[in-house]
Amino acid sequence: MPLAVFPKCYLQQLCKTGEMTVDQWLDLAAGLDVDGYEFYWGFTPANAPAELERIRRRVEDQGRSIPMMCYSPDYTSPDINARQAEVEKQKVAIEATALLGGSYCRVLSGQRRPEVPRDTGVSWVAACIHDLLPVAEAHNVTLILENHYKDDFWQYPEFAQKMDVFLQLVDAIGPHPNFGVNFDPSNAIVAGDHPLALLEAVLPHVVTMHASDRFLEGGTLEDLFEADKYASEGYAKVLQHGVVGQGMNDYDAIFSLLKTRNFSGWISIEDGIDPDVGYAHLEASATFLRKKMKEHGLP
């Protein structure tokens, strides 16, 4: 079971301030015990095919790959033209994922806008994803729907954050060889759902996983739910990422359940928001996950 790493703790430096380049991130992560990198669209040189190919070769020279693209489309706008524009942008992301040698491109539902009814939103999102599936198939890329909390740069949390809405959306999309689920146990917790209940429900569809762990600082889940009612960019301050294995998730139970399906897909470390301790936390998370994967016979 291959292990990737996602630079959650360095997104501001990579995407906003420019304090870190992609090459600097690859150099920094070279010492981590991982097999590949999950890229984020915000630091991917989308319209530069030669640069994408250079990055791919650079990663391959490390003996690694870039299997996953973390992309955040927003398919719940009431404006049909805005939704179609999001579809067109994700088509570019799919193509870039393939140029990087990747096999998985994340897809989301979009923001939980208060004015969008549930069934309407599900219908809109499913239609957008159906439009993308032929493009994904042509590029040998699988679209992975994540039980998401909130993109760092969104105003509202995920439309399909709750388990019942997420399962309704998975059913509305239906089976397709280029569609699957990216399971994130921490996001189930912050949605008020039990991670194992969600994993059991989507297990036949799970092709990748985010290994994350969360803890609450200075508040409760109820405080988080209240804060999420109001538009504000980024995560609520009460919610924190931490070292995998030191938070609210039971990874023995998660890996035991994955073992029942002989899961062998990519697991990507999503850890932390503090760059001052980011590398040390990623290193500790990788060590923990390698140990647990071995204990549960997930090679």
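As a basis for the values below, the full set of heavy atoms in this structure was taken, side chains included, without hydrogen atoms, waters or symmetry mates.
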Visitor: Evaluate side-chain contact (heavy atoms from CB on, under 4.5 Å) for Ile267 paired with Thr208, printing each intermediate quantity in order.
Guide: CA-CA 6 Å; Ile267 290 183; Thr208 59; over 6 Å; no
Visitor: Side chains of Ser72 and Arg106: any donor to acceptor distance under 3.5 Å?
Guide: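 Yes.
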Visitor: Got Arg58 and Val22 here, is their nearest side-chain heavy-atom distance under 4.5 Å?
Guide: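 No, their side chains stay 4.5 Å or more apart.
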Visitor: Scan side-chain atoms only and decide if His296 and Asp252 contain a donor-acceptor pair under the 3.5 Å cut-off.
Guide: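 Looking only at side-chain atoms, Asp252 and His296 do form a donor-acceptor pair, the distance falling under 3.5 Å.
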Visitor: For a side-chain contact (heavy atoms from CB on, under 4.5 Å) with Met69, tell me which candidate from Val141, Leu100, Ile94 qualifies.
Guide: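 So the option named by the test is Leu100.
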Visitor: Taking atom types as modelled and ignoring hydrogens, do the side chains of Asp193 and Gln161 form a donor-acceptor contact shorter than 3.5 angstrom?
Guide: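 The criterion, which ignores hydrogens and geometry beyond distance, is not satisfied for Gln161 and Asp193.
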Visitor: Do the side-chain N and O atoms of Asn249 and Asp213 include a donor-acceptor pair separated by under 3.5 angstrom?
Guide: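 Per modelled atom types, Asn249 and Asp213 side chains form a pair under 3.5 Å.
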Visitor: Should the ring pair Trp25 and Tyr10 be called parallel, tilted or perpendicular, given that the plane angle runs from 0 to 90° and is split at 30 and 60?
Guide: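 Rings of Trp25 and Tyr10: tilted, 30 to 60°.
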Visitor: With the side chain counted from C-beta on, respond yes when Phe255 and Phe263 share a heavy-atom pair under 4.5 Å apart, and no when they do not.
Guide: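 SC-SC contact between Phe255 and Phe263 ruled out.
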Visitor: Contact between Lys292 and Leu298 at the side-chain level, heavy atoms closer than 4.5 Å - yes or no?
Guide: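 No, their side chains stay 4.5 Å or more apart.
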Visitor: Could you check whether any side-chain heavy atom of Ser268 comes within less than 4.5 Å of a side-chain heavy atom of Tyr104, counting everything from C-beta outward?
Guide: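 When only atoms from C-beta onward are counted, Tyr104 and Ser268 do not touch, as no gap falls below 4.5 Å.
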Visitor: Closer than 3.5 angstrom, by distance alone: can the side chain of Asp74 be matched with the main-chain N or O of Gln111 as a donor-acceptor pair?
Guide: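 Yes.
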Visitor: With a 4.5 Å cut-off on side-chain heavy atoms, are Lys89 and Tyr71 touching?
Guide: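 In short, these two side chains touch, coming nearer than 4.5 Å.
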Visitor: Scan side-chain atoms only and decide if Asp151 and Tyr40 contain a donor-acceptor pair under the 3.5 Å cut-off.
Guide: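 Per modelled atom types, Asp151 and Tyr40 side chains form a pair under 3.5 Å.
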Visitor: Checking Gln155 against Arg113: is there a side-chain donor and acceptor pair closer than 3.5 Å?
Guide: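 Judged by distance alone, the side chains do not pair up.
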Visitor: Any luck finding a side-chain donor-acceptor pair between Glu60 and Ser65 under 3.5 Å?
Guide: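 There is no such pair between these side chains.
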Visitor: Show, in sequence, the C-alpha distance, side-chain angles and deciding distance for Glu158 and Ser109, and conclude whether the side-chain hydrogen bond (donor to acceptor under 3.5 Å, both in side chains) test is met.
Guide: CA-CA 7 Å; Glu158 182 79 18; Ser109 58; 2.4 Å; yes
Visitor: So for atom CG, which belongs to Asp274, do other residues, nucleotides or ligands contribute more than 12 heavy atoms lying within a distance under 6.0 Å?
Guide: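 Atom CG in Asp274 is packed in, count exceeds 12.
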Visitor: Do we see a donor-acceptor contact under 3.5 Å between the side chains of Tyr75 and Gln90?
Guide: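 Yes, side-chain donor-acceptor contact under 3.5 Å.
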Visitor: Sort out for me which residue in Val181, Asn147, Asn182 forms a side-chain contact (heavy atoms from CB on, under 4.5 Å) with Val202.
Guide: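 When Val181, Asn147, Asn182 are each tested with Val202, the side-chain contact (heavy atoms from CB on, under 4.5 Å) holds only for Val181.
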